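Report on one structure; see the data block that follows.
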2 protein chains.
Amino acid sequence: MPARKISDSTVRRLSHYLRILEVLEADGRTTVSSDDLAERGGMTPAQVRKDLSHFGSFGKRGLGYPVPVLRGRIADILGLGREWSVCLVGAGRLGAALYQYDGFRRQGFRFVAVFDNDPAKIGRRWGAVTIDDVADVARVAREREVEIGIVVTPAEGAQEAADRLAEAGVEAILNFAPRKLSVPPEVALRDVNLVIELEGLSFAVTHRGKILASR
Amino acid sequence: MPARKISDSTVRRLSHYLRILEVLEADGRTTVSSDDLAERGGMTPAQVRKDLSHFGSFGKRGLGYPVPVLRGRIADILGLGREWSVCLVGAGRLGAALYQYDGFRRQGFRFVAVFDNDPAKIGRRWGAVTIDDVADVARVAREREVEIGIVVTPAEGAQEAADRLAEAGVEAILNFAPRKLSVPPEVALRDVNLVIELEGLSFAVTHRGKILASR
DNA sequence: TATTGTGAAAGGGTTCACAGCG
DNA sequence: CGCTGTGAACCCTTTCACAATA
């Protein structure tokens with residue numbers, strides 16, 4: 001559908017719109033204007049309209065956008081009209097938190113495999129899933145048709161995890177390890193680096209007000 | 001020091017440079033070129049030089065940048081030349097994972113308070129810290145001079161958590177709750193939304209190759 | 001009349017290319 | 001000679017402003 005490359009920021013905002021629309025729909029709202037959406041999401045109305053216009057014309061002039069229709073369309077655009085098979089490489093505390101995180105389930109992301117390299121963990125069960133050996137990622141992930149892998153290992157094991165996920169034919173990797181991963185071009189990659197987020201705040205606080213004060 | 005507003009992307013890359021320089025320094029490397037830094041960080045050499053040039057001239061032409069000096073300067077620029085007092089609002093699984101995360105400690109972020117609204121958790125100890133009632137955030141965070149608050153509550157409690165943190169004089173908030181928070185302008189805010197990251201990958205995989213195929 | 005959809009303008013980050021310098 | 005530092009060019013995203021229209 002999109003005729004041109006869609007920017008990352010636009011995709012992120014689509015997720016935000018979806019979240020807002022879910023609430024509006026639960027409240028029984030039938031229409032919403034770009035002004036209202038922008039207000040609730042902390043963006044500008046023009047941005048909302050421009051973002052949506054990349055995918056079609058969903059609104060009615062003078063009226064706004066139909067809430068349930070738009071919610072459904074954005075979910076489809078984001079690829080949420082189906083379930084996704086996800087695996088976790090790293091069964092530490094962060095992995096456990098993600099595994100149990102309800103927000104993933106709610107959008108159709110299902111964990112079908114969990115891996116770790118700790119012999120004490122391998123063989124243990126997390127709900128319906130048994131923890132497998134990291135050494136078996138390539139085989140098991142392929143068998144279970146994993147589409148998205150989440151890397152939650154320490155920095156050291158992350159590249160190997162990514163290599164094996166790629167080998168298994170996984171289509172996307174979400175990386176929480178604090179290092180740059182190299183993946184084949186056909187694998188989509190996103191990084192979440194928690195330390196970098198805190199450092200960003202540390203920077204902001206440290207330089208608060210100094211920006212104009214310095215000249 | 002920065003004469004002009006520094007972009008968010010530049011600040012993020014500074015964190016990346018720091019991570020790389022820490023490794024280089026541990027390896028005993030004394031100098032590094034912008035080419036090398038860029039290569040390791042997945043950026044372009046021009047970007048490395050431009051980023052650094054906002055804060056001064058740290059390199060020697062013909063030689064490159066002195067590793068230990070640059071590492072120290074970037075750490076200072078990011079505000080990491082000191083310890084930061086951090087608190088956690090929400091003592092769930094994700095909160096626990098962050099609390100124990102070694103990467104935070106290593107950069108000088110110290111947890112001095114943890115809050116929850118679950119009576120079963122209040123009063124329990126996490127290492128040296130006793131879990132306090134969310135109702136006491138404003139008082140306790142002020143007493144312990146918390147500078148950065150991390151919100152890891154469900155969406156419902158997040159705005160209240162943010163309000164109380166702001167009331168306590170906290171300077172920055174890192175928000176993991178999946179909703180937009182309103183904070184006073186003097187409070188720095190960053191959002192980490194895990195569902196949005198997965199949805200971004202879902203979008204990428206769903207539209208893989210369709211970008212040019214559609215016209 | 002209210003609000004969308006969208007070209008055009010503005011803004012801001014990235015890349016280029018080269019002068020400057022160790 | 002090699003590599004930095006940086007103004008200028010480029011490119012992409014955001015904002016503006018208004019014609020189109022339910």
Side-chain angles (χ1 to χ4, degrees), chain A residues 1-17 20-21 24 29-67 69-71 73-74 77 200 203 211-212 215, chain B residues 1-17 20-21 24 29-67 69-71 73-74 77 200 203 211-212 215:
Chain A
M1 186 72 190
R4 215 17 239 141
K5 173 80 168 52
I6 301 301
S7 81
D8 211 69
S9 356
T10 293
V11 177
R12 294 187 118 80
R13 282 193 298 271
L14 287 180
S15 285
H16 278 121
Y17 303 148
I20 295 166
L21 289 163
L24 289 174
R29 279 279 298 273
T30 56
T31 61
V32 65
S33 66
S34 57
D35 268 62
D36 195 356
L37 258 182
E39 169 70 27
R40 291 168 190 264
M43 308 104 173
T44 67
Q47 198 159 48
V48 171
R49 298 198 297 275
K50 183 67 94 183
D51 285 340
L52 297 178
S53 76
H54 291 126
F55 301 93
S57 301
F58 309 119
K60 286 203 192 332
R61 295 169 198 242
L63 249 178
Y65 300 89
V67 170
V69 174
L70 185 59
R71 199 223 69 238
R73 284 297 292 120
I74 293 180
I77 290 165
F203 176 89
I211 303 308
L212 287 180
R215 55 160 65 199
Chain B
M1 187 73 190
R4 222 6 245 144
K5 174 76 167 52
I6 302 300
S7 81
D8 212 68
S9 356
T10 293
V11 176
R12 293 186 120 81
R13 283 193 298 269
L14 287 179
S15 286
H16 279 121
Y17 303 148
I20 295 165
L21 289 163
L24 289 174
R29 278 281 297 274
T30 55
T31 60
V32 66
S33 66
S34 57
D35 269 61
D36 194 357
L37 259 182
E39 170 69 28
R40 291 166 189 265
M43 310 101 173
T44 68
Q47 197 160 51
V48 171
R49 297 198 297 274
K50 182 68 94 184
D51 284 340
L52 297 178
S53 76
H54 291 126
F55 302 94
S57 301
F58 309 120
K60 287 205 193 328
R61 293 167 200 243
L63 251 178
Y65 301 90
V67 170
V69 174
L70 185 59
R71 197 224 70 237
R73 284 297 293 118
I74 294 182
I77 290 165
F203 176 89
I211 302 309
L212 287 181
R215 59 157 64 197

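For clarity, every value in this text was computed on a predicted model and none was experimentally measured. Every chain is numbered from 1 and lettered A, B, ... according to where its sequence line falls, protein lines coming before strand lines.
A/I74 contributes atom CD1, which lies 9.0 Å from atom CZ of A/F55 (distance to the nearest 0.5 angstrom). Distance check: B/H54 NE2 to B/K50 NZ gives 6.0 Å after rounding to the nearest 0.5 Å. Annotation: the span from B/Q47 atom CD to B/Y17 atom OH amounts to 5.5 Å, rounded to 0.5 Å. Atom CG of residue A/D51 and atom CE of residue A/M43 lie 8.0 Å apart, to the nearest 0.5 angstrom.
Spacing between atom NE2 of B/H54 and atom P of D/dG5 amounts to 12 Å, rounded to whole angstrom units. The distance between atom CD1 of A/I6 and atom P of D/dC12, rounded to the nearest whole Å, is 13 Å. Regarding B/E39, its CD atom lies at a distance of 14 Å from the P atom of D/dC3, rounded to whole Å.
Contacts between residues 30-38 of chain B and DNA chain C, defined by a heavy-atom separation under 4.0 Å, are absent.
Of the side-chain N and O atoms in A/Y65, none sit less than 4.0 angstrom from OP1 or OP2 of D/dA22. Within the structure, a side-chain polar atom (N or O) of A/Q47 is placed less than 4.0 Å from OP1 or OP2 of D/dT15.
Residues B/D36 and B/R29 meet the side-chain proximity criterion, which asks for heavy atoms closer than 4.5 Å. Looking only at side-chain heavy atoms (C-beta outward), B/F203 and A/R12 stay at 4.5 Å or farther from each other. Here the side chains of B/L21 and B/V67 are in contact, with some heavy-atom distance below 4.5 Å. Side-chain contact between B/L70 and B/L52 is present, with at least one heavy-atom pair separated by less than 4.5 Å.
When DNA chain C is scanned in the 5' to 3' direction for atoms under 4.0 Å from non-hydrogen atoms of chain B, the outermost contacting nucleotides are C/dG13 to C/dG22.
Summary of the strand contacts: A/R61 and A/D8 both lie near DNA chain D, and taking for each the nucleotide with the nearest heavy atom, the more 5' one is attributed to A/D8.
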